[in-house]
Visitor: 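Dropping the structure in here first, questions after.
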Amino acid sequence: MSILSIIVVYFLTWWTMIFLVIPSANDRKTEGGLYPDPPNVWRKILITSLISAVFTLAIWGIVRLDIVSFRLWANEWD
C-alpha cells in the first residue's frame, strides 16, 4: 500500500468511527440537572484516532501479507 492509500484508509475508518464514539457515554446528570455532562470531545477524538490507527494497521497488515489479494479479484473480473 502506498502512503496515499494508507491516508485514505485511515481517514475513512476515522470518519466511520467518530460516529460510533461520539454518542457513547452521554449521560444526563443524575441529580436532576437539565444539561448533560460535559461531552469530553477531545477525549472522544483521541479514542477515535487510536481505534482508527489500529484498524488501519490491521488493514495494512492484511494487504501486506497477501491474506486478501484485491489484485486477484480484479483480474478475475476481466
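Computation of the quantities below employed the complete heavy-atom set of this structure, encompassing side-chain atoms and omitting hydrogens, waters and symmetry-equivalent molecules.
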Visitor: Can you check whether Ile45 reaches Trp42 side chain to side chain, under 4.5 Å on heavy atoms?
Guide: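 They are in contact (side-chain heavy atoms under 4.5 Å apart), so the answer is yes.
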Visitor: Restricting to non-hydrogen atoms, name the atom on Val9 and the atom on Ile59 that form the minimum distance, rounded to 0.1 Å.
Guide: CG1-CD1, 3.8 Å
Visitor: Measure across Val21 and Lys44 and return the closest heavy-atom pair with its distance rounded to 0.1 Å.
Guide: CG1-O, 3.7 Å
Visitor: Once you round to the nearest 0.5 Å, how far does CD1 of Ile51 lie from CG of Leu46?
Guide: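 Ile51 atom CD1 to Leu46 atom CG measures 10.0 Å (nearest 0.5 Å).
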Visitor: Examine Ile3 and Tyr10 and state if one hydrophobic cluster contains both, with Ile, Leu, Val, Met, Phe, Trp and Tyr joined whenever side-chain heavy atoms are less than 4.5 Å apart.
Guide: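 No, Ile3 does not connect to Tyr10 through the hydrophobic network.
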Visitor: Does atom CZ of Phe55 have more than 12 heavy-atom neighbours from other groups under 6.0 Å away?
Guide: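 Not more than 12 within 6.0 Å, no.
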Visitor: Could you check whether the rings of Trp15 and Phe19 sit parallel, tilted or perpendicular, using 30° and 60° as the cut-offs?
Guide: perpendicular
Visitor: Quick one about Ser52 and Ser49 (side-chain donor to acceptor, distance below 3.5 Å, no hydrogens or angles considered), yes or no?
Guide: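 Their side chains do not contain a donor-acceptor pair, so the 3.5 Å distance test is not met.
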Visitor: Is there a path of hydrophobic side-chain contacts, each under 4.5 Å between heavy atoms, that joins Ile67 and Val54?
Guide: no
Visitor: Given the rule that I, L, V, M, F, W and Y join up when any side-chain heavy atoms are under 4.5 Å apart, are Leu65 and Trp60 in one cluster?
Guide: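 Yes.
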Visitor: Measuring from atom CD1 of Ile47 to atom CD1 of Ile22, what distance do you get when rounded to the nearest 0.5 angstrom?
Guide: 11.5 Å
Visitor: Going through the distances and angles, do Thr13 and Thr16 end up as a side-chain hydrogen bond (donor to acceptor under 3.5 Å, both in side chains)?
Guide: CA-CA 5 Å; Thr13 56; Thr16 304; over 6 Å; no
